[in-house]
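The structure is given below, and queries will be raised subsequently.
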Amino acid sequence: MAEYGPRKHRLILFFASFIALYLLIVPAAAVKHESFKTCSQSGFCKRNRAYADDATALGSSWNSPYELEASTVELKDGFLHGTVVKTTRTGEKVRLPLTLSFLESGVARVVLDEEKRLKGEIELRHDRKIRKERYNESEKWTIVGGLNPSKAAAINADSEAGFTKVQYGPEGQYQAVIRHSPFEVSFQRGGETQVKLNDRGLLNLEHWRPKVDAPEGETKPEDESTWWDESFGGNTDSKPRGPESIALDISFPGYEHVYGIPEHADSLSLKETRGGSGNHEEPYRMYNSDVFEYELNSTMTLYGSIPYMQAHRKGSSVAVFWLNAAETWVDIVKTKATANPLSLGTAAKKTTQTHWFSETGQLDVFVFLGPTPQALSKDYAELTGYTQLPQEFAIAYHQCRWNYVTDEDVKDVDRKFDRYQIPYDVIWLDLEYTDGKKYFTWDPLTFPDPKGMQEQLDDSERKLVVLIDPHLKNENGYPVVDELKSKDLAVKNKDNNIYDGWCWPGSSHWVDCFNPAAISWWKDLYKYDKFKGSLPNLFIWNDMNEPSVFNGPETTMPKDNIHYGGWEHRDVHNINGMTVVNATFQGMVERKKGEQQRPFILTRSFYAGTQRMGAMWTGDNQAEWGHLAMSIPMVLNQGIAGFPFAGADVGGFFGNPDKDLLTRWYQAGIWYPFFRAHAHIDTRRREPYLAGEPYMQIISQAIRLRYQLLPAWYTAFHQASVDGMPIVRPEYYVHPHDEQVFGMDDQLYLGETGLLAKPVVNKDQDSVDIYLSDDEKYYDYFDYTIYQGGGKWHTIKAPLDKVPVLMQGGHVIPRKDRPRRSSGLMKWDPYTLVVTLDQHGTAEGTLYVDDGESYDFEKGAFIHRRFQFTDSTLSSENIGTSGPKTNAYLKTMTNVRVERIVVVGAPAEWQKKTSVTVIEDGVKEATTAPLQFTNGQAGKAAYAVVKNPNVGIGRSWKIEF
């Protein structure tokens, strides 16, 4: 859902409720730039950019005022401790405790704090009841593992004067070179510097100082106009701790391309931000916000933030993670690299220099040295958590709009999908299902029978998702808000009273899920006896959780609001949405005592770690071709930043797409990990069956393709849940040595299936050019046309009814080919295996299967198989581990078989074969199955089909051709 401009928000305060509602549902024309800060309007951003400008202007004469006291350096059990001293302009020495952690994974962590704030030796203005130290609890919400120190880390004996060198990492192949004065850290792999901290001297930790008025007639040496309070858009932010920003320059020597730091509507490879042709003027901003009708190719903040950046060059990837929950900006500059004697023959073209600054908190940076994108994904996921393995229905098709207006409307849509034989799994209810916009209620007039509605959906194994936002209507007699008040579980304003702001219900309070008691309370609200009318097939959508506040500064909560523990909202803003999702997740796991199910939760706001709990989408996009095109790099970037369960509103949230655009959007949407159609309340209805012919059939075919490939998608989701890999992957991730693809973000691979898709994203386009990095054979998914030639573009015809997708040779792709109404009805269907032979006549693939609902997979209730084709034999072997529920689960799957095997690129000598030999473990005698061979013509591959080999999907077997 969207927010509406500040002017309209203020009008709400003066009009009756029915006028307020009218204003809320009238869309504006475009993003209101005046509602959101630029860097020059953000005091700490402006100061730190100026600091960088001053340092750059001074060049070699610039001296960073930070020095590591050599006498304080001590390395013990993987932790290096010391004290960095900042010398101010007046000669004051500010002591900053430093900790470098060298972890068993090879990841390094640098934490810098401020001694006076740590000890509470500061004075607060305004007599606020808040904490004095810098915010230090981001780790509590974000980090779930990977912090074990490496006791093998050791200071090198060859450390020279003025430097400390620490050898660490796997087999001691990494080295941290710590320069004492000025303080600087270089991280090396294989003797070559990969990442540098403070090599440009832009480290800037704004230390505490008292507010002192200048003597009459004198001016202060520094501009303090935004140190103690700051105004924007009619709101004044008091700053009881004074200025406390942190900034650091991080350089990637020899790396031209950097990715990550979502969420922005921009290219996958991030652009420079200091101006120039094709570059941005503003830094990338991370400050979770409700941005109405966001614009493209922009550094503007959006709904979520993950301050993780990956850098890549030919054959090498590294990354950093800036663990800070406050408003954060990142500048990027790319410079031509000078000859590097340590480059070991690698011609470094450019160096990417980044500059990070956050308003509050510790300086807390993790450094990852790769060396591959896959290694980075795994190490980052070990720290912040792996993607949730969702229920299988969650990766199928979702049908949503704001709003289905009655329970009969929902049931009618459900019946029409069946009538037109279009599969779907989930239908959604936006805000209007509630009784007067009070969450955990149903409108008694429009949704009088919610159980009957859910029961009809359940008959077809379908689900319902309903909206639950963290703002609660401030209305006496509403039990939920009454309890929120009586139990003191709400966010407070700066005066320590319950904060009141405006959102969908009008006057609202916000649950403070930083409070453990609030989490327990919020969890209980989802129980069946509390959320009356809800059944087990109901799931949750947490929207507006940035938090969105219509009459707040920048459409969010004032920074000087107070959360549990005495932290200001400025300290925790970007984590706020995740705390709501966390509480919802816990509540949905066990809604009835003793019955656990995997939750499905969609969130708009997110931070690093939210991937453990659900899915995200790219918010309020527009029904325009440009937004369709931009959805692909945005989804790809989410995967690179560790949150791959991502999607965009199919068809565009705002506006009415023409039928060509709607059709092409579905053909693209089937490649989003989260596949949902959604639309604004003012748009025309656009369920697929309303599109008319030929559009309805074309859209239906695209949706059926998604369902056909659900086994491959679920396997990719499982891989993400155990090793952190993206579910859909950009070219550079799959072909890290091909420099031509490092900036490519309009085509993608699905997991490790070898499926390569390039959606049509331009109007009146009837072909696409797909770039192939490698010399392997690629086969058209539908007619097996062969495309081959590495480092070249290949044109594929793409009329409106064609989804451009190729299959790379060397893979075994699992499918289910029988069309059903929902994924749940496909559960016991047989499998088809598509074998795409590579140049050597081999192929390999995997399949993961479980019950798609429960946590029994944690006790071994799953099937995990590896399929290999070599020496004219296709085999299936078990790669799973056993547990207490393995045998019982395998028994339930006894009758689930492989009904068809298609071998694409079949050798010519098979033409005379009419059967294959089937050998299944546990079966006494080999059997045969019929083989049908088809010659390839007009550039198409020959293929062979084995019908009904009748081997169990959970058994070991061999099929000899």
Side-chain angles (χ1 to χ4, degrees), residues 265-268 296 395 397-398 617-618 621-639 644 646-652 657-678 688 691 695 697-709 712-713 716 726-734 741 743-751 753-772 778-782 785 787 793-808:
D266 203 20
S267 57
L268 177 68
L296 307 181
I395 68 174
Y397 173 56
H398 299 246
W617 92 108
T618 62
N621 59 1
Q622 300 181 50
E624 298 175 358
W625 288 96
H627 279 260
L628 166 58
M630 187 59 75
S631 69
I632 297 172
M634 290 180 76
V635 168
L636 289 172
N637 214 14
Q638 288 291 138
D649 283 346
V650 170
D658 63 43
K659 292 182 179 181
D660 281 6
L661 174 57
L662 183 64
T663 301
R664 289 302 195 188
W665 212 317
Y666 270 96
Q667 292 174 341
I670 64 172
W671 304 108
Y672 303 154
F674 174 59
F675 176 31
R676 181 186 75 154
H678 187 38
Y695 305 98
Q697 282 305 319
I698 298 171
I699 292 170
S700 300
Q701 288 166 10
I703 295 172
R704 290 189 195 110
L705 177 57
R706 172 65 168 233
Y707 276 76
Q708 182 182 57
L709 288 169
W713 278 98
I727 294 163
V728 291
R729 304 172 183 179
E731 282 281 341
Y732 90 87
Y733 197 96
V734 179
V741 303
M744 190 176 293
D745 56 14
D746 58 357
Q747 55 188 59
L748 55 86
Y749 284 88
L750 168 56
T753 63
L755 288 167
L756 173 60
K758 182 163 186 175
V760 175
V761 296
N762 296 304
K763 187 175 178 61
D764 299 327
Q765 183 179 352
D766 59 6
S767 67
V768 296
D769 292 329
I770 289 187
Y771 179 86
L772 301 182
Y778 283 75
Y779 308 94
D780 184 279
Y781 183 86
F782 301 100
T785 298
Y787 298 90
W793 294 91
H794 301 264
T795 299
I796 298 177
K797 292 181 180 179
L800 189 63
D801 63 351
K802 177 72 180 289
V803 178
V805 55
L806 303 180
M807 302 181 289
Q808 183 188 40

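We number each residue from 1, following the sequence as shown. Model, not experiment: these values are computed from the prediction.
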- Query: What heavy-atom pair brings Met807 and Leu755 nearest, and what distance separates the two atoms?
  - Reply: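 Taking Met807 first and Leu755 second, the nearest heavy atoms are CG-CD2, 3.6 Å.
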
- Message: Please check: side-chain N/O of Arg729 versus main-chain N/O of Gly639, any donor-acceptor pairing under 3.5 Å?
- Response: no

- Over all heavy atoms of both residues, which pair between Pro730 and Leu636 is shortest? Give the atoms and the distance, please.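 Residues Pro730 and Leu636, closest heavy atoms: N-CD2, 3.7 Å.
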
- Query: Closest heavy-atom contact between Val760 and Leu628?
  - Reply: O-CD2, 3.8 Å

- Item | Under 3.5 Å: donor-acceptor pair, side chain of Asp649, backbone of Asn621 | no

- Task: Give the minimum heavy-atom separation between Pro804 and Val768, together with the two atoms involved.
- Result: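 Closest pair (atom of Pro804, atom of Val768, distance): CB-CG2, 3.6 Å.
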
- Message: Looking only at the side chains, is there a donor atom on one of Trp625 and Asn762 sitting less than 3.5 Å from an acceptor on the other?
- Response: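 The answer is no; no qualifying pair exists.
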
- So, does Lys763 use its side chain to make a donor-acceptor pair with the main chain of Leu661 at under 3.5 Å?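 The answer is no, because no donor-acceptor pair under 3.5 Å joins these two groups.
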
- Any idea which heavy atoms bring Ala648 and Thr618 closest together, and the distance?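 Heavy-atom minimum between the residues: CB-OG1, 3.3 Å.
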
- Query: If you take all heavy atoms of Tyr733 and Pro726, which pair is closest and at what distance?
  - Reply: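 That would be OH-CD, 3.2 Å.
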
- Message: Is it true that Arg664 and Gln667 share a donor-acceptor pair across their side chains at a distance under 3.5 Å?
- Response: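 A pair is found: one side chain offers a donor N or O, the other an acceptor, under 3.5 Å apart.
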
- Message: Parallel, tilted or perpendicular: which one describes the rings of Tyr787 and His794, with boundaries at 30° and 60°?
- Response: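 Ring orientation, 0 to 90° scale: perpendicular.
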
- Query: Taking Tyr781 as the fixed residue, which of Leu756, Leu806, Val803, Leu709 is the one that meets the side-chain contact (heavy atoms from CB on, under 4.5 Å) rule?
  - Reply: Leu709

- Taking atom types as modelled, is there a side-chain donor on Tyr397 or Tyr666 under 3.5 Å from an acceptor on the other? yes

